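The structure appears right after this line, and notes come after that.
Treat the numbers as computed from the prediction; the structure is a model and nothing was measured. Chain A is the first sequence line, chain B the second, and so forth, proteins listed ahead of strands; every chain is numbered from 1.
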Protein chains: 4
Amino acid sequence: MLSTAGRASTGGTVTPERPLRADARRNRARILAAAEEVFAERGASASTEEVAARAGVAIGTVFRHFPTKRDLLAAIMKELRGRLVGKADALAAEGDPATAFFDYFGYLVESSARIGTVVGLLAEEGTAIEPGAQITALTGAFGSLLDAARRAGAVRGDVRLDEVMALVTATTHGALAGGWSDDLRRRTLARILDALRPAGR
Amino acid sequence: MLSTAGRASTGGTVTPERPLRADARRNRARILAAAEEVFAERGASASTEEVAARAGVAIGTVFRHFPTKRDLLAAIMKELRGRLVGKADALAAEGDPATAFFDYFGYLVESSARIGTVVGLLAEEGTAIEPGAQITALTGAFGSLLDAARRAGAVRGDVRLDEVMALVTATTHGALAGGWSDDLRRRTLARILDALRPAGR
Amino acid sequence: MLSTAGRASTGGTVTPERPLRADARRNRARILAAAEEVFAERGASASTEEVAARAGVAIGTVFRHFPTKRDLLAAIMKELRGRLVGKADALAAEGDPATAFFDYFGYLVESSARIGTVVGLLAEEGTAIEPGAQITALTGAFGSLLDAARRAGAVRGDVRLDEVMALVTATTHGALAGGWSDDLRRRTLARILDALRPAGR
Amino acid sequence: MLSTAGRASTGGTVTPERPLRADARRNRARILAAAEEVFAERGASASTEEVAARAGVAIGTVFRHFPTKRDLLAAIMKELRGRLVGKADALAAEGDPATAFFDYFGYLVESSARIGTVVGLLAEEGTAIEPGAQITALTGAFGSLLDAARRAGAVRGDVRLDEVMALVTATTHGALAGGWSDDLRRRTLARILDALRPAGR
DNA sequence: CATGAATGAGGTTTCATTCAT
DNA sequence: CATGAATGAAACCTCATTCAT
């Protein structure tokens, strides 16, 4: 569909799931990294051309890997989700159930402050960058930590998962939009987490 | 060489703030209302053309009233700020100091859910829509309510104003971005406000 | 045709050649003067709005007097032409035939340097501001002076009127476009006029 | 966080002046040619859209090559200046010093009659299309020819370079604005050049 | 596969002109 | 008659996307 010229050796077709050539995979990674940076700095309305420049590739290369800007955003989010879920698993495996939940909450907020708009985009399922399962995985990861913390008595019994997700969303968004200082972010986060702890603390 | 009388660089008038003609004021209001709606629905990147269409005026009319898109956004925020501060004053005047603070917090979150991106824009001083005093007024209004509530023992003594503002920002942003249901918003808000109440509740 | 309200006293019609009311005539003059200035400063692409502002009237008033920007330009030129022809007549009547021609040439160039683009517009009959007779009158005025000077032996016998007009056009345009200093303009003008004088000088 | 390599703010390239691709160079040339035509016919206020149409490209292509209309005008002038200076060099190298000066003067006027407004724009340094050196080069080229002619006794000794430039400017502008016939242009030019020749002729 | 030039719809803004007040 | 707000057709410019090299 792309070129019709006879590329006998490779077949001339565009098999979707062929393992990428080494340089192509390298480019893909660089583009994703650049996009994360650029969108974090300039917001999701930054131009694709700037992403290409930052990645050190030509604009065409970006569109070969991600046929649409939306695809690029979706890929960023998928990659990010993987990272975040991985962190959750690590905390679940290694750490104290009573603190893992709070640590993870804090980690998300800190991350969002670093990687910018992207965590925000993650929640913007409303504008439907990708149907559903984006935040679902994150919710799942969070759910396990929450359950464990609740069993350990570190979290109030009546706290529900959707409230937790809402509080994460709020805090990350707020941190981004508000331009909080490190100190303010810490104090604000502490207040919110306190709201989830049992009465006597 | 001829007459040097009546040289005004812009409009030939002397009084800078002439009261607008009736139809002009009507249009200005319609444009503001339309803009609030459109930006709430589509985000701040919605087109001015659409604002004009929604307001039922031609594109030129929008630009006569607001020479720049930025000016339009600034005007929306100013109007909104007025409304919000007004509500704070009303609550301070009329109500129970112990509850006014919490009522106002809730009012802001509810409002943001209704009027959309705009409260968000209010906090986006980072992109510098208008120097500083945008959120300052709101902060002032909030400060009075907070003090009163603290004196009434309804708010913990160690709660600081910047934390309150941060929590408002977070909650409104979260509510907008997260697309929370009414029920979820209520519960999430309750959790956050609980974090501000004295230990014994 | 304008308002249908009962203005019994004036009749409600727009008779084209009714003597203007005093204030209307005053406005017309101020607009013309302002337009001359503005177009001289900013070129013919200056906005009508600026002309109105400079004249101290509203934009509608300009268009009531001159239904089209082109009409306004034409009126300026007509007025200017009158002034210029008047000066020619004065020189013809009063002065030394041998010098009147050269004085007039110089006067036109000086004027153009003062009143700017407008004399230029006068020649832009190519872009057809008004069919023909604009420059014709000027040519006529110039013709008389030229004939007199020729008879007085102050101008070479083979100089033809169209050449003179061409030289005026060139010099005025050049003076405008080139931004010549007073000194340069004087010397350049002297060169050109020398070309019209008899060999022995 | 990822790679910091290849960060170029605009294009990701290192060599600033990469030779244009064949089709790009072709388009650039076509755009310049079209622009010269269009501006000659319609004046410098002609629309960029029309230039694009005349060149047979889309509007975006024009703006890729010339990010601003001003840039396009500047490029035209630069190209033209090159052509004109080249002609001066050719005349200086090949021809009779006594006539080269006059030939060049005539060539400039003829050219301006062909290529229209552009020579005019060249002089519009007032509107500052490009700092200074536009007309400087032309002046330099003219200066050499003038000196040579003066040494050959073909030009009066007291003629100064700025007067020559002023006369060129005037003649080209006049020719453009006045819409002179070929015959009139020739006669007018002859008058002006005569003014530069020694008395006895 | 990578490149980067070309495309063209759409956005903001200006301005001559009309028309309600 | 004067006023000045409304109109709407361009103008300039941007940017996601396509496609020849």
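Taking each heavy atom of B:I31 and B:V51 in turn, the nearest pair found is O-CG1, 4.0 Å. Scanning both residues, A:I76 and A:A35, for their nearest heavy atoms gives CD1-CB, 3.4 Å. Between C:A46 and C:F39, the shortest heavy-atom contact is O-CE2, 3.7 Å.
Among the heavy atoms of the strands lying under 4.0 Å from A:T61 is at least one base atom, whether or not backbone atoms are also near. Residue D:S47 is classed as a sugar-phosphate contact, given heavy-atom separations below 4.0 Å to backbone atoms only.
Atom CG in A:D71 sits about 12 Å away from atom C1' in F:dA16, given to the nearest Å. If you measure from atom CD of A:E49 to atom P of F:dC13, you get 18 Å, rounded to the nearest angstrom. Whole-Å rounding puts the B:F39 CZ to E:dT12 C1' distance at 12 Å. What separates CZ of A:R25 from P of E:dC1 is a distance of 11 Å, to the nearest Å. B:R64 has its CZ atom 14 Å from the P atom of F:dT3, to the nearest Å. Note: CZ (B:R30) to C1' (F:dT7) measures 14 Å, nearest angstrom. One atom, CZ of B:R70, and another, C1' of E:dT13, lie 16 Å apart when rounded to the nearest Å. For the pair A:I31 CD1 and E:dT3 P, the interatomic distance rounds to 9 Å; values are reported in whole Å.
Where C:I59 and B:D23 meet DNA chain E, the nucleotide closest to each residue was compared, and C:I59 sits on the side nearer the 5' end. Checking D:R26 against B:N27, the closest nucleotide of DNA chain F that is more toward the 5' end is the one next to B:N27. Ranked by how close their nearest DNA chain F nucleotide is to the 5' end, D:T48 and A:F63 are led by D:T48.
Here the CZ-OG1 distance, from C:R28 to C:T61, works out to 13.5 Å after rounding to the nearest 0.5 Å. Distance check, rounded to the nearest 0.5 Å: CD of B:E49 to CD1 of B:I59 gives 4.5 Å.
Between A:T68 and F:dA16 there is no side-chain N or O to OP1 or OP2 distance below 4.0 Å.
Nucleotide E:dT18 is matched to F:dA5 when pairs are restricted to Watson-Crick or G-U wobble geometry with both distances under 3.5 angstrom.
Among the nucleotides E:dA6, F:dG4, F:dT17, the one closest to the side chain of D:H65 is E:dA6.
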